[in-house]
Number of protein chains: 2
Amino acid sequence: MQTEISQTDKSRDRILSSAALLFCEHGYAGVSMRKIAENCEMKAGSLYYHFTSKDQILTEVLNIGIQKVHAAVADALSDTPKDTLAIDKLRRAVSGHLHALLENSSFTSANVRIFRQVPEEIQLSNLDVRRAYEALWEKFLIELKEAGHLHANVDPRSLRLMLIGALNATLEWFDPKLGEISELADRYTNILANGMLRERNL
Amino acid sequence: MQTEISQTDKSRDRILSSAALLFCEHGYAGVSMRKIAENCEMKAGSLYYHFTSKDQILTEVLNIGIQKVHAAVADALSDTPKDTLAIDKLRRAVSGHLHALLENSSFTSANVRIFRQVPEEIQLSNLDVRRAYEALWEKFLIELKEAGHLHANVDPRSLRLMLIGALNATLEWFDPKLGEISELADRYTNILANGMLRERNL
DNA sequence: GTCTATACCGGGATAGAC
DNA sequence: GTCTATCCCGGTATAGAC
């Protein structure tokens, strides 16, 4: 049984966390190896013992970012009783995504912020984990549709893109020090589920 | 009457358009003065005849980005007949925002992509135009609320943040060459207005 | 594993010719 | 108005001491 964490692993993690935070704040090109090193109290040259290049750090940050939010939403959707209301399942998934995005780690937020600005080859290396996460939501929404919970003219794919887009955009303005993530999740769930208008419009 | 466009003005516009496009694609720090110059068939030194610094170009790009989307939405909301349905006004505003964001110019999309990553002082210099645009939406949504068109538990400010966030996020995946913006606007308007679930949930 | 020192390149910006 | 030439800084990455 091997549960000790080596010094190497600790340094690796510190480097990745620092990079994620800085990428999120200043963009990929706006962050230098020197600043990443400074942020974890090392010197720039030392980073190359753990990673072969800045691109490799970036690639790992992007992958971890999706894996974390995937795990959060999968957990939120897993142990729900059979008779859970559709809106409550939705609320759990929304809440899981928002927590992963807005608190704890910067990996998910770094991914959301910089994905489209990094070199295309690196975007491609992030596609597998992205598709797996998209499939998780798609499966959930298709099940709602087939159980008759969605309006007839709502397409699961379009809905997923809008929904995740709306959640990701909270990154631009929401400050977890000033507001409760659970309340945010409730408000978003309410509007997504019931809409904003009182009259039903076709 | 002075309608001629001087060579100076033409060059200025080309520089700003090139910068907007490149900022949008690669982020602020990811774009060099040399690349901006190359993109409008000039040399880097020439840019400094028109602008004193890269930051000045950035500042103008950000301001123009908001001004364009503001004008588009203001136009969409202006000449509507008095008896226009709430959902139709919403559709017009949504459509105006999406057209400004996804076609024609890169100024608005550059703003959405890079705003949070630029130096704080430059974010501050963009605040006035941003607040004016936010006020346009807020006014529209408060009028809907006071006319009794919004659900009681829907707060105009939260709604605005969610709504504009959802629209801005389309930038990450929508390709105007592959889909119709008007159809996108319809789908978003429908879900925002009526929600996704058939059952009404409180 | 982390350091210092350094190579080499491309960044923003300026000066002065045309 | 645009060019070329150049300055100085900070970028990524490597080599070798400790």
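Labels below follow one simple rule: chain letters A, B, ... track the order of the sequence lines, proteins then strands, and each chain is numbered from 1.
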### Task
Tell me whether the OP1 or OP2 atom of D:dG10 has a side-chain N or O from A:Ser32 closer than 4.0 Å.
no

### Task
Drop me the distance from A:Ile36's CD1 to A:Lys54's NZ, to the nearest 0.5 angstrom.
6.5 Å

### Task
Determine whether B:Leu98 and B:Phe174 make a side-chain contact, defined as any pair of heavy atoms from C-beta on separated by less than 4.5 Å.
no

### Task
For the residue pair A:Leu16 and A:Ile57, establish whether any side-chain heavy-atom pair is separated by less than 4.5 Å.
yes

### Task
Could you state the atom-to-atom distance from CE of B:Met33 to P of C:dA13 in whole Å?
6 Å

### Task
May I ask you to check whether over 12 heavy atoms, not counting those of B:Arg198, lie within 6.0 Å of atom CZ?
no

#### Entry: Qualifying residues under side chain to side chain contact (heavy atoms under 4.5 Å, CB included), relative to A:Asn63, sequence neighbours excluded
A:Thr59, A:Gln67, A:Asn126, A:Val129

### Task
Give, ordered by number, those residues of residues 14-29 of chain B having at least one heavy-atom distance below 4.0 Å to an atom of DNA chain C; if nothing qualifies, reply none.
none

### Task
Check each residue of residues 34-61 of chain B for a non-hydrogen atom within less than 4.0 Å of any atom in DNA chain C, then write out the ones that pass by number, or none.
B:Arg34, B:Gly45, B:Tyr48, B:Ser53, B:Lys54

#### Entry: For B:His149, side chain to side chain donor-acceptor pair (under 3.5 Å) partners two or more places apart
A:Glu199

#### Entry: All ring-ring contact (aromatic ring centres under 6.0 Å, His included) counterparts of A:Phe107, not counting sequence neighbours
none

#### Entry: Residues that A:Tyr188 engages under side chain to side chain donor-acceptor pair (under 3.5 Å), provided they are two or more places apart
none

